[in-house]
Number of protein chains: 2
Amino acid sequence: MFQDFKLVDDRPVAIQVKEYIKRLIIKGALQANQKLPSTREMSGLLKVSRNTLFAAYEGLEDDGYTYTVPGKGSYVAVMLEPMNGGADDSAAWQIDWKARMNEYAVSAVELDIMKQGIRAKKGAISFTSIAPDEQLFDLGDVKRAFMDRMAIEGQVLLNYGYAKGYKPLIDYLMRYMENKGVDTSGKDMLITSGFTEGFDIVLSALRPSARSGAAICENPTHHTAIKNLNLQGFEITGVPMEHDGIDVEQLEAVLQSGASRFDLAYLTPSYHNPTGIVMSPAKRSAVMKLMMRYQIPVIEDGFNEELRYSGAHIAPLIATAGQGNGVIYIGSLSKVLFPGLRVGWVLGDHALINNLESIKRARSIHTSTIDQSILYQYLLNGNFDKYVKKARMEYKRKYELTKACCDAYLPKAKLSGDGGLHIFLTFPTGVNTRRLLEACTEQGVIFTPGDRFFIQEGEGTNTLRLGFSRVTDENIEKGIRIIGQQVRGFL
Amino acid sequence: MFQDFKLVDDRPVAIQVKEYIKRLIIKGALQANQKLPSTREMSGLLKVSRNTLFAAYEGLEDDGYTYTVPGKGSYVAVMLEPMNGGADDSAAWQIDWKARMNEYAVSAVELDIMKQGIRAKKGAISFTSIAPDEQLFDLGDVKRAFMDRMAIEGQVLLNYGYAKGYKPLIDYLMRYMENKGVDTSGKDMLITSGFTEGFDIVLSALRPSARSGAAICENPTHHTAIKNLNLQGFEITGVPMEHDGIDVEQLEAVLQSGASRFDLAYLTPSYHNPTGIVMSPAKRSAVMKLMMRYQIPVIEDGFNEELRYSGAHIAPLIATAGQGNGVIYIGSLSKVLFPGLRVGWVLGDHALINNLESIKRARSIHTSTIDQSILYQYLLNGNFDKYVKKARMEYKRKYELTKACCDAYLPKAKLSGDGGLHIFLTFPTGVNTRRLLEACTEQGVIFTPGDRFFIQEGEGTNTLRLGFSRVTDENIEKGIRIIGQQVRGFL
């Protein structure tokens, strides 16, 4: 015994010794009431210092794995053996968990594209990600933000926070939204773990109790939104996109045919995912007037709004709604700054936020205060403007390169996207992009087939999304050339 | 104009100037196509350097609030005005959000004790918290953990992580659970934003689709668990507590009367909240045998397990279950380490975790990687043992002081609790602790009335919970003395 002890990592040696002995006890190699070798003996056996052994033995006793008999030494404590030692017995307790999963849990897996999608092989050129390029991250500024905040109120940050969010961040973001032209009177804010949690909480509050819900969306739209609407039992009516945003005439037709059945609309007016389209000011106004006339609550996805490359500032829908309380704005800086900081915000009517706050508390108590406070201090330190300027320039450059490559290698594809981190391609009918993907995967290139962004099965089978943010210039060119070669076989 | 500019905080001056001008544009004080004063003029007006003005003007243009006419200067861009300027119009869009809230959203507020409870007045002695004492936090070690990890893989930490969790932390915690005697074969782990999210995700997967659910709990039990079970539509059957844990005979009687109707049991075997009782090894074994016989899945709340003051190591239920897959263990170090780090873990059967992972992804994509990686590095650096040793000693001291004060000042109260961060008191029938609370609040002392931990209304009206972790020695003594004085009026 004790021959197989090895220092395995860079953790303190006393802890490694303690855990080693703990395992021997757990496995039954050291038995109840058995005497451990003295620290002197063990020191020789394990080849570690006696001081280390003192610490390890003390830790074992602290954790209740051993006890000391004064003048005699350390003994193994009595453990409760599993099922009183009836191992055969316990193995018989096999619950069929798959059979116990409800509809929601089953659908969650079925709709989980991370479990269904094609995985990039090593070395493949992947256009599937629309996460930011981590090479742009200003790590020094993030570290400084953390250290600054910890120095000011470290103990507070590490204890419980509030369900509503970290107060300094809420105040900052309220002012931030006012600077986008939002009338914040009568409104309030809830901080969430990113856009997705905010969206899911809003849906869980608005989902009708007695019947299934109904929602209006742009078609195509963000597939996470489609997923969560489906999971929460909403039926989705899609309204087609035009080059400058949702088709307002069709939207009106849908509303005229029976607006009262809709519980909400979900819209992404800026850098719409997947098409990359920015809704024109005129359309924003027209859409808001329609929603107001028919009293349809709007969930506005502020996705990527900050990544505007060019053109005049365009107010979000919630600003366009002025003093009206019909818009729920969900913001996030995940795509602009750091997705790893799981922070988003829901801005909406005060009474609504009051309910959402209690749901948030029931679901996860509160959003990570460390994440919130790093973000707050980072913004306060003035790092955001500097970083976004750099990011916008870099993504604009990549956007233009991607566009030029598509023009050169994919002449038959209609391209949409005014910026952001991706472009969207529509091929002539007959080009099935799932089959195209299979062909391209063989050649080491992957992308996101567009059909998953459409509401109805069978729509958008000739479309795809190219995320370029994390692809090198060389691979953008090479990858799109390969897609072009493969497309020819489908035309 | 420009007279009211004031530097308000310690953010970079250029950003404050930029936001000041932005606000003037948003408010309409500066109108579309109006020329801004030159940087030279503005520099004089705002009393900031011209270089600052250059940066601010550049930022305004970057953000689309102004445009430059070469050789002439900066002009205000055309903004979309809310509802085309129809302010009266927009104010008319008033959705009655309260009326749109579903049952879940309404119940979330009704069951939200943070919104119902008595608030401590300034200077009051509060025994309501069972959060750790932040004075014990080793901030230096936390900072070091963050800086260590950022140095190793900062860019990775700030980009998207995985729904399942941060791999190094999962590996660490799997080993940690093995050291508690858990057979991890066939099991897997999901990292969540603390215990609460893990519990809510598990319930959302196990809630029956077609009927309301049914759960067995210790009575009393953790009120967040009661709340979330209620919110997810479970009916709860409570089984009374004895001094060494759940009443096994009563549990058996409940199961005999129709086990098939129960979807799950929720149990807290160590430092049970609110009673503070540690379930004896013999009872753990007996409970597991019953659950196995009746095939009832068990959700084990690992709450405070690490805060054991004394006595032999007691294996968690999931270890007792051996190779059986019927226990879902939810762990968290929130109460032991830092509640601000929102990290918990669900350990259970592999197939179950697969579903939970997809639900987690749909709800919030993933848990804060910063929180996970700080926790991981903190554990790896060997800080945990050192900290827990200090915390255990301090809480043990406070526990004994609290116990002694209760014995001295509350002779009629039956006390339970083997350690942890709180004790639980049962007064003679007739002492209504809600009314006692009112009387004590008048005297500047608050605590948690015990009835909220009981399943049925009207139970436990003579009980209360005293959390002592964040109360000074002096106030523990003073506060309990005051409670004692007030109790006399009710006997």
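Lettering of chains follows the sequences in order, A, B, ..., and the numbering in each one begins at 1.
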Measure from the side-chain N and O atoms of A/Q155 to the backbone N and O of A/M150, and report whether any donor-acceptor pair falls under 3.5 Å. no
Which region of B/Y160, side chain (C-beta onward) or backbone (N, CA, C, O), has a non-hydrogen atom less than 4.5 Å from a non-hydrogen atom of chain A, or is it both or neither? both
Using non-hydrogen atoms and a 4.5 Å limit, figure out which bit of B/E178 sits close to chain A: side chain, backbone, both or neither. both
Measure distances from A/N354 to the heavy atoms of chain B and classify the residue's part below 4.5 Å as side chain, backbone, both or neither. both
With a 4.5 angstrom heavy-atom cut-off, could you sort out which part of B/M101 is near chain A: side chain, backbone, both or neither? both
Heavy-atom proximity to chain B below 4.5 Å, by part of A/L158: both
Bottom line for A/S334: the part with an atom under 4.5 Å from chain B's heavy atoms is side chain
Between B/A210, B/G198, B/P339, which shows the greatest number of heavy-atom pairs under 4.5 Å with chain A? B/P339
Could you tell me whether B/R342 and B/E197 make a salt bridge, using a distance below 4.0 angstrom between a side-chain N and a carboxylate O? no
B/K18 and B/D63 ion-paired at < 4.0 Å: yes
Interatomic distance, CG@B/N325 vs CG@B/D183, rounded to 0.5 Å, equals 11.0 Å
Spacing of B/F338 atom CZ and B/D371 atom CG [to the nearest 0.5 Å]: 11.5 Å
Max heavy-atom pair count under 4.5 Å with chain B, selected residue of A/N179, A/I370, A/L139, A/D200: A/N179
Does any heavy atom of chain B fall under 4.5 Å from the side chain of A/I15, the backbone, both, or neither of them? side chain
Straight-line distance of B/L157 CG to B/I374 CD1, nearest 0.5 Å: 9.0 Å
Interatomic distance, CG@A/L231 vs CG@A/N228, rounded to 0.5 Å, equals 6.0 Å
Counting only non-hydrogen atoms closer than 4.5 Å, does B/D385 touch chain A with its backbone (N, CA, C, O), its side chain (CB onward), both, or neither? side chain
So OG of A/S107 and CD1 of B/I359: to nearest 0.5 Å the spacing works out to 9.5 Å
Heavy-atom distances under 4.5 Å only: say whether B/N102 touches chain A with side chain, backbone, both or neither. both
Relative to chain A, which segment of B/S368 carries a heavy atom at a distance below 4.5 Å: side chain, backbone, both, or neither? both
Contacting moiety of B/E110, where chain A heavy atoms sit under 4.5 Å: neither
Between B/E103, B/K389, B/R23, which residue shows the highest count of heavy-atom pairs closer than 4.5 Å to chain A? B/R23
Can you tell which part of A/K143 gets under 4.5 Å to a heavy atom of chain B, answering side chain, backbone, both or neither? both
Let me know if A/H366 has heavy atoms under 4.5 Å from chain B in its side chain, its backbone, both or neither. both
Contact part of B/I201 toward chain A, heavy-atom cut-off under 4.5 Å: side chain, backbone, both or neither? neither
Between B/E357 and A/K115, does at least one N-O distance fall below 4.0 Å, as a salt bridge requires? yes
If we check salt bridge (Lys or Arg N to Asp or Glu O under 4.0 Å) with A/D112, which of these qualifies: B/R363, B/R361, B/K360? B/R361
Could you walk me through whether B/R11 and B/Q16 pass the side chain to side chain donor-acceptor pair (under 3.5 Å) test, one step at a time? CA-CA 7 Å; B/R11 285 185 307 156; B/Q16 295 195 49; 5.2 Å; no
Honestly, the part of A/S204 sitting under 4.5 Å from a heavy atom of chain B is both
Relative to chain B, which of A/K227, A/K22, A/K98, A/K27 shows the most heavy atom pairs under 4.5 Å? A/K227
Counting heavy-atom pairs under 4.5 angstrom with chain B, the leader among A/F384, A/F146, A/F195, A/Y176 is A/F146
For B/I353, is it the side chain, the backbone, both, or neither that has a heavy atom closer than 4.5 Å to a heavy atom of chain A? neither
Need one label for A/R293: side chain, backbone, both or neither, based on atoms under 4.5 Å from any heavy atom in chain B. neither
Tell me if the OH atom of B/Y67 is crowded by more than 12 foreign heavy atoms within 6.0 Å. yes
